Structure formats: C-alpha cells, structure tokens
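Below is one structure, written out as structure tokens; comments come after it.
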Amino acid sequence: MKIIMLGAPGAGKGTQAKKIAEKYSIPHISTGDIFRANIKNGTELGQKAKTYMDQGLLVPDELVVDLVVDRVNQDDCVNGYVLDGFPRTIPQAEALDKALKELGQKIDYAINVEVPDENIVNRMSGRRACVDCGATYHIAYAPTSKEGICDKCGGGLILRDDDKPETVLKRLGVYHEQTQPLIDYYTEAGILKEVDGTIDINDVFAEIVKILGE
Ligand code: ADP
Ligand code: ADP
Ligand code: ZN
C-alpha cells in the first residue's frame, strides 16, 4: 500500500502517518524528519536545507526528489510506505509518478487532512518535538504524561524554530501557493481521499482506516 499524506503544515500528517505505519507495518517516510536528521548530523544536505527551512520556504525540488526516489527503492518499501511531507510541489509529484512508472508502480491513496488556516497557528505553537527520537506531542491535544519529557524515550521536548507564529504564517502562504494544487492533481488521478483533520486524533485515524481497510 503506497500512501501520500497531504495537508497544511500542522494538519496532522505526521501524527496520522505514524499511526498508519504502525497499523499496516509499512515505513513512515518524512522528508522533514530526513532534513532535520541531516541538520543535526551537520551534513552538506542539512546545511543547504536549513537556509530554506529557517525562512519557512520549501527546499528546492532538486534536493528532495532523488532522496525520496532512493528511499522508496529500499528493501523495506516492497510492501508500500506512507510519504509524509512529500510531494509538496507539482514538479515533485510528477517526478515521483515518473520514477514509479518506470518500476511499474503507482501511488494507491493520497489522503488530504483538512484543517482550516484559523486552527493552524494554535496547532503549531503547541507542538512539541522530542530532541532524541522525533516523537511529536501537543501541549493541549496530545500531552506527554510528564511535562517536557518524551513518553517514548525520556528525551527533552522543544518547540521547533519554524513553528513560531511568524514562520508558520509564511509556511501557510507557501502551502497555499505551491502544495495545495496537489489536491487537484490527485483528484484528477482518481486517488484523492479527504478526511476532517479538526476532530480528535483517534477519530481522524478511524476515518483513515475506513478508507484503507482493516
Ligand atoms: P510540517 O510537518 O510541519 O508540514 P515538515 O517537517 O514536513 O513540516 O517540513 C519542514 C520543512 O522542511 C518545510 O517547511 C520545508 O522547508 C522542508 N521540506 C520538507 N519536505 C519538503 C519537500 N518535499 N519539499 C521541499 N521542502 C520540504
Ligand atoms: P503535520 O505533520 O501535518 O505538520 P503534526 O502531525 O505534527 O502535523 O501535528 C501538528 C500538531 O497538532 C502536533 O502538536 C500534534 O500533536 C497536533 N495534532 C495532530 N492531530 C491533531 C488533532 N486531530 N487534533 C488536535 N491536535 C492534533
Ligand atoms: Zn523521544
């Protein structure tokens, strides 16, 4: 099962992608996580990506596409995968389609998690990420059992620099301009599925399971 998660920054793509990966035993591939790991490890890719990410801009397509195509060709992806944060532009979607076509493969579902802009800043300012394992929480909607400490690994929690309100507004603008057109792209491809992202995390997941099957 090959799945793409679509939605504004903070819509809940990562939260749902992790649940999908667990239930259906497929890898969760987050381009944001890949870039953040590269930044942490001080790689050349990380240094290049950081200048864009800090400004709330997209990393150029040529730095993203090959990375994802290589990743989905790895052995653990034979039964599928859930892509979170990729594609984010029409050229990225076209490049992915082309690469998959050459392998005789295709994406099965593009799931759009719908959350209005008004809710997004609130979502992002409350988001906390574990510095060690990358787990994501929300101070009000998905709190840890001990404040400031990751439930999964005991690591410390931070507010991502790009989740501060100024950068979030910039990212939302970029989303509407460059990523939202993918909704029409995947509607035309006949694989778009919409879910309401404003309801409780587990209820959103139940809607997704209805689409993907038990
Ligand atoms: P969120 O989950 O909040 O939408 P991500 O972790 O997916 O954020 O992405 C963080 C940043 O990483 C983006 O703002 C962008 O700069 C960069 N990024 C991630 N994926 C892509 C991509 N497919 N194309 C270009 N830039 C990307
Ligand atoms: P994305 O990957 O789309 O940027 P995340 O999955 O990281 O979004 O979610 C953004 C923030 O909102 C996180 O703090 C997460 O815990 C929280 N969140 C995710 N889904 C919901 C939901 N359905 N209701 C309330 N908060 C949510
Ligand atoms: Zn952790």
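Just so it is clear, the structure is predicted and the values come from calculations on it, not from any experiment. Ligands are counted one by one from 1 in listed order, and the atoms in each one are counted from 1 as well.
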May I ask you to check if ligand 1 and [X] share an N or O to N or O distance below 3.5 Å?
| X | answer |
| --- | --- |
| Arg88 | yes |
| Asp33 | no |
| Ser30 | no |
| Arg36 | yes |
| Gly56 | no |

Side-chain ion pair, [X] and [Y], N-O less than 4.0 Å:
| X | Y | result |
| --- | --- | --- |
| Lys210 | Glu207 | yes |
| Asp162 | Lys164 | no |
| Lys98 | Glu94 | no |
| Lys193 | Asp108 | no |
| Glu118 | Arg123 | no |

Part of [X] within contact of ligand 2 (heavy atoms, under 4.0 Å):
| X | answer |
| --- | --- |
| Thr136 | side chain |
| Ala17 | neither |
| Val113 | neither |

Output yes when the distance from some N or O of ligand 2 to some N or O of [X] is under 3.5 Å, and no in every other case.
| X | answer |
| --- | --- |
| Ala142 | no |
| Gly14 | yes |
| Ala11 | yes |
| Tyr137 | yes |
| Gln16 | no |

To the nearest 0.5 angstrom, please state how far the [atom1] atom of [X] sits from the [atom2] atom of [Y].
| X | Y | atom1 | atom2 | answer |
| --- | --- | --- | --- | --- |
| Asp54 | Ile39 | CG | CD1 | 7.0 Å |
| Ile20 | Ile208 | CD1 | CD1 | 4.5 Å |
| Ile111 | Leu212 | CD1 | CG | 4.5 Å |

If you scan protein heavy atoms around atom 19 (C) of ligand 2, the nearest is Thr15 OG1, 3.5 Å
Nearest heavy atom to atom 16 (O) of ligand 1 wins, so pick from Leu57, Thr167, Leu58.
Leu57
If you take the nearest heavy atom of each of Gln55, Met53, Arg127, Arg123, which one is closest to atom 11 (C) of ligand 1?
Met53
Does Asn79 have more than 12 heavy atoms from other residues, nucleotides or ligands lying within 6.0 Å of its CG?
no
Applying a heavy-atom cut-off of 4.0 Å, say which part of Lys170 lies close to ligand 1: side chain, backbone, both or neither.
neither
